[in-house]
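What follows is one structure encoded as structure tokens, with my remarks underneath.
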Amino acid sequence: MAFYPADFTFVCPTELEELADYYEEFKKEGAEIISVSTDTAYVHKAWHDASPGGIKKIKYPMLADPAGKVSRLFGTYIEDEGVSWRATFIIDPDEGGPHGDA
């Protein structure tokens with residue numbers, strides 16, 4: 001899972017584009033990429049539709065977490081700002097929990 005603060009920012013598109021570049025390789029290894037922000041699904045769609053280039057190549061799921069529940073669960077939520085820190089977690093179903101770099 002790749003957490004990021006918000007759509008329509010300057011840095012987030014480059015990070016998400018890079019994940020998109022490697023998506024097929026992840027899938028070949030049996031892994032899934034999921035990006036998470038506190039934006040709504042409507043904002044994700046608007047960002048995808050309005051952005052030229054790279055964002056349009058995203059094929060992996062983009063999780064909408066407007067209430068911050070998933071972000072809080074993973075300890076990435078910034079209460080005062082209502083957004084998530086950037087963080088990446090690798091979840092191994094055989095190990096039973098997240099392992100990440102927040």
Side-chain angles (χ1 to χ4, degrees):
M1 295 183 85
F3 290 80
Y4 65 99
D7 298 340
F8 292 104
T9 62
F10 297 107
V11 177
C12 295
T14 58
E15 295 170 350
L16 299 180
E17 285 175 42
E18 188 168 6
L19 285 172
D21 289 341
Y22 292 100
Y23 185 51
E24 290 305 317
E25 290 181 46
F26 275 85
K27 289 187 69 156
K28 285 179 189 173
E29 294 296 325
E32 181 61 75
I33 295 173
I34 301 171
S35 64
V36 183
S37 81
T38 54
D39 290 309
T40 66
Y42 301 109
V43 174
H44 287 332
K45 172 94 169 88
W47 187 38
H48 182 272
D49 292 349
S51 297
I55 290 300
K56 293 198 182 296
K57 66 184 173 184
I58 291 176
K59 303 285 188 242
Y60 55 80
M62 297 180 74
L63 183 78
D65 185 28
K69 291 179 181 180
V70 176
S71 298
R72 282 186 186 93
L73 179 67
F74 281 82
T76 66
Y77 193 71
I78 306 169
E79 292 291 339
D80 293 344
E81 297 180 33
V83 298
S84 175
W85 290 104
R86 284 182 177 78
T88 303
F89 293 87
I90 298 171
I91 302 168
D92 184 341
D94 296 328
E95 294 294 324
H99 306 279
D101 178 25

Exercise for review: Mind checking side-chain hydrogen bond (donor to acceptor under 3.5 Å, both in side chains) for E18 and listing every partner two or more places apart, or none if nothing turns up?
Suggested key: none

Revision key, fill the gap. Scanning both residues in full, the closest heavy-atom pair of S35 with L16 reads CB-CD2, 3.8 Å

Identify all side-chain donor-acceptor contacts of residues 19-30 below 3.5 Å with residues at least two apart in sequence or on another chain.
from : atom 1 : to  : atom 2 : distance (Å)
D21  : OD1    : K57 : NZ     : 2.5
Y23  : OH     : E32 : OE1    : 3.4
Y23  : OH     : E32 : OE2    : 2.7

Exercise for review: Would you kindly confirm whether Y77 and V36 end up in one hydrophobic cluster when ILVMFWY residues are joined by side chain heavy atoms under 4.5 Å apart?
Suggested key: no

Check your understanding: Which side-chain hydrogen bond (donor to acceptor under 3.5 Å, both in side chains) pairs, counting each pair once, include a residue from residues 59-70, with sequence neighbours left out?
Key -> D65-S71

Practice item. Sequence neighbours left out, what passes side-chain contact (heavy atoms from CB on, under 4.5 Å) with T9? Give chain and number order. Key: A6, C12, P13

Point to revise | Rounded distance [0.5 Å steps], OG1 in T88 versus CD in E15 | key: 8.0 Å

Check your understanding: Taking only residues two or more places apart in sequence, or in another chain, which ones meet E79 in a salt bridge (charged side-chain N to carboxylate O under 4.0 Å, His left out)?
Key -> R72

Check your understanding: With F3, which residues qualify under ring-ring contact (aromatic ring centres under 6.0 Å, His included), at least two apart?
Key -> F74, F89

Check your understanding: D49: what forms a salt bridge (charged side-chain N to carboxylate O under 4.0 Å, His left out) with it, not counting sequence neighbours?
Key -> K45

Point to revise | side-chain contact (heavy atoms from CB on, under 4.5 Å) partners of A64, counting only residues at least two apart | key: A41, H44, P66

Revision key, fill the gap. CD of E17 to CD1 of I58, rounded to nearest 0.5 Å, is 7.5 Å

Practice item. Kindly write out the residues that satisfy side-chain hydrogen bond (donor to acceptor under 3.5 Å, both in side chains) with S84, not counting sequence neighbours, or none if the list is empty. Key: T76

Review point. According to the salt bridge (charged side-chain N to carboxylate O under 4.0 Å, His left out) rule, which pairs have a member within residues 3-12, sequence neighbours left out?
Key: none

Practice item. Please write out which residues are connected to V83 in a hydrophobic cluster, directly or through intermediates, given that two of Ile, Leu, Val, Met, Phe, Trp, Tyr count as joined at side-chain heavy-atom separations below 4.5 angstrom. Key: I78, W85

